[in-house]
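One structure below.
Proteins get letters first, then strands, A, B, ... in listed order; numbering begins at 1 in each. Everything numeric in this text was worked out from a predicted model, so none of it was measured.
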Amino acid sequence: MMTTVFNIENLNLFYGDFHALKNIDMVIYKNQVTALIGPSGCGKSTFIRCLNRMNDLIPEAKMEGCVRFDGEECQIGGYDVIGLRKRVGMVFQKPNPFPMSIFDNVAFGPRQQGIKQKEVLQGIVEKALKQAALYEEVKDRLTSSALSLSGGQQQRLCIARALALEPEVILMDEPTSALDPLATQRIESLINDLKEDYTIVIVTHSMQQAARISDYTAFFYMGELREIDTTEKIFKAPRLKQTEDYITGRFG
Amino acid sequence: MRKKPWRQVILDGATYLATLLSVFALGMIFFYVIREGAHLLSFDLLRGDYHARGFVGLVEEETQGSFNLTGQQGENRYLVERLGLVLEQSFDLAGDGVIKVAYIDEASPLRRLTNQDPTSEQSFIGLETGAVLRRVSYVDHPTSLTSRGAASMARDMNDPDRALREVIFSTEGGGIRGSLITTLYLIFITLAIALPFGVLTAIYFNEFAPINRVTKAMRNFIETLTGVPSIIYGLLGITVFVPLTVRLTPAENANLIAGGLTLAVILLPVIIRTTEEALKVVSQDHRFASLALGANKTQTTFKVVLPQALPGILTATFLGIGRVIGESAALIFVLGAAIRDSVRIFEPSTSLAVHIWSMMTDEPANIALSSTIALIILLIVLTLNLAIKTTVWAFDWKGRRS
């Protein structure tokens with residue numbers, strides 16, 4: 001039996017009057033890559049933002065139901081969101097490094113946690129950059145601006161920045177949609193490596209990507225979770241006709 | 001080629017014409033102040049006292065002599081061989097016509113005069129090169145006045161029949177050092193108050209404030225305040241800040257602190273608005289990225305958002321300094337219109353702009369010096385502008401260099 005990281009029970013989310021997520025029940029397993037697929041506006045990005053409570057930042061978003069992280073209590077009300085975000089990192093669609101040096105970008109998270117000693121930070125930064133397979137490329141110019149990196153490098157820097165906090169889960173919201181095929185390939189192989197130590201939840205529009213990198217695939221449609229299973233099953237023998245139609249490109 | 005439709009021709013023409021007129025009007029300002037005021041621009045003007053110090057010296061004994069003044073001739077110079085003195089028809093720092101001592105011989109009797117100032121401990125005073133001669137009186141002869149010119153004064157002094165009685169002279173006045181220092185003080189005091197308040201208020205409105213009717217009303221209110229004439233702020237200053245400073249500080253009247261406070265209130269809306277604009281353009285992605293890294297709102301605001309808004313805040317600072325330098329109406333109330341040479345923060349003084357006002361309300365108006373001060377103000381603004389641009393550029397470079 002695999003350990004679960006997230007247990008989502010009867011999750012509903014409203015943007016004002018719009019019912020964006022409808023009665024989602026789902027489990028996310030530890031050290032597995034779970035891919036979220038579905039047509040635009042189906043709620044997969046909204047769902048991933050429920051996992052680290054980024055939806056809290058949207059004033060009109062209202063969350064109901066239960067997201068249990070690591071067997072904790074329901075994350076509603078006075079939940080320690082900051083503490084959660086340290087343990088559940090996130091990588092965004094567009095690479096968004098801060099306009100600081102490469103070093104300062106990776107050290108940002110630990111610094112906000114109060115880590116000040118230069119040697120400690122250096123260790124953390126080096127480790128995170130190595131994990132994100134970026135270290136060799138930037139080790140000689142850690143003090144140059146992060147904005148001088150290429151798009152693919154910037155995205156790996158963002159991954160390193162998330163890794164520097166040693167999270168348990170990394171959420172990726174279409175992390176390769178702004179990148180060229182080569183950079184995409186590097187990120188995908190990186191995800192494969194990171195699986196050893198981290199749980200990864202990834203939103204993707206590319207069926208091939210989901211098939212290549214994920215262990216589990218969840219198909220969202222119109223705010224509902226229509227089907228979730230191992231990636232193999234979803235792609236070879238989906239339960240629903242709709243899932244098959246989407247995967248084979250008949251709609252979406 | 002297809003002919004342009006007439007509407008476009010008119011629109012394009014209007015654009016060119018408007019630009020031409022704008023540039024012309026702005027260029028005229030420079031042209032005018034340079035033409036009128038450039039000749040008075042000097043370091044002595046910036047360094048000099050405004051108030052001339054006057055002396056009255058009694059000629060006790062007059063040694064009749066004849067000094068050799070060869071080599072001292074020149075344009076507008078008049079030799080007084082009898083006293084070893086060369087007078088020059090000249091201008092003081094403020095551009096007023098004066099008679100200056102261009103040269104005085106070591107052995108001249110006017111080097112040693114009895115001081116007529118009873119309050120002074122000094123019993124003897126003497127004319128020196130650079131002194132301004134105001135009046136020379138004689139025994140049984142009419143007095144020589146500045147208004148009659150250096151030629152007439154030199155002729156009178158050279159007349160062996162006239163026995164000198166009293167020489168009234170002064171240091172050269174008309175400098176603007178006091179007003180310059182006041183302006184610098186004002187900039188410092190005002191920004192020290194307005195910047196932290198303004199920037200923090202802008203941060204509150206842009207980062208923390210809920211969007212509701214109350215905050216919207218507050219924003220509109222602040223926006224309205226940018227359009228209020230400064231003389232109204234001057235009234236606020238004289239009814240609130242002057243009494244307040246008189247009560248809490250050694251000040252007895254209008255003073256620099258009250259001036260700084262009043263200007264700070266004038267600046268607040270400008271700084272709040274400009275800073276808010278700067279905060280608005282900081283990418284939302286960076287806020288999300290920071291929050292997703294477990295940073296809280298305060299950390300995100302001060303470590304990620306604010307550094308990126310710094311160029312905008314520098315612009316706000318620059319605009320603020322411009323307002324401080326340019327303000328006159330409000331300051332006449334709260335800082336006074338008395339030009340001072342030694343500036344103290346608890347006493348009245350004048351800024352450069354008020355100095356101009358003071359020169360122009362003189363009888364007759366001193367347009368030349370006013371233009372010179374205007375030129376100095378323009379130069380200060382220009383320098384600051386360049387400084388800010390360089391700083392912003394340096395910040396940009398630091399963020400983007402490869």
At a heavy-atom separation under 4.5 Å, does [X] approach chain B through its side chain, its backbone, both, or neither?
{"X": "A/Phe92", "result": "side chain"}
{"X": "A/Pro97", "result": "backbone"}
{"X": "A/Arg87", "result": "neither"}
{"X": "A/Val91", "result": "neither"}
{"X": "A/Ile82", "result": "both"}

For atom [atom1] of [X], is the number of surrounding heavy atoms from other residues, nucleotides or ligands below 6.0 Å larger than 12?
{"X": "B/Ile211", "atom1": "CD1", "answer": "no"}
{"X": "A/Glu60", "atom1": "CD", "answer": "yes"}
{"X": "A/Lys195", "atom1": "NZ", "answer": "yes"}
{"X": "B/Phe208", "atom1": "CZ", "answer": "yes"}

Can you confirm whether the side chains of B/Arg287 and B/Gln284 place a donor and an acceptor under 3.5 Å from each other? yes

Over-ring placement of A/Arg161 relative to A/Phe98, 6.0 Å and 45° cut-offs: yes

Measure distances from B/Ser290 to the heavy atoms of chain A and classify the residue's part below 4.5 Å as side chain, backbone, both or neither. both

Do you know which of A/Met54, A/Lys86, A/Gln113 has the most heavy-atom pairs under 4.5 Å to chain B? A/Met54

Among the listed options B/Gln308, B/Lys303, B/Lys297, B/Gln299, the residue most often paired with chain A at heavy-atom distances under 4.5 Å: B/Gln299

If you count heavy-atom pairs within less than 4.5 Å of chain A, which of B/Val304, B/Thr300, B/Leu293 leads? B/Leu293

Main-chain N/O of A/Ala218 paired to A/Lys44 side chain as donor or acceptor, under 3.5 Å: no

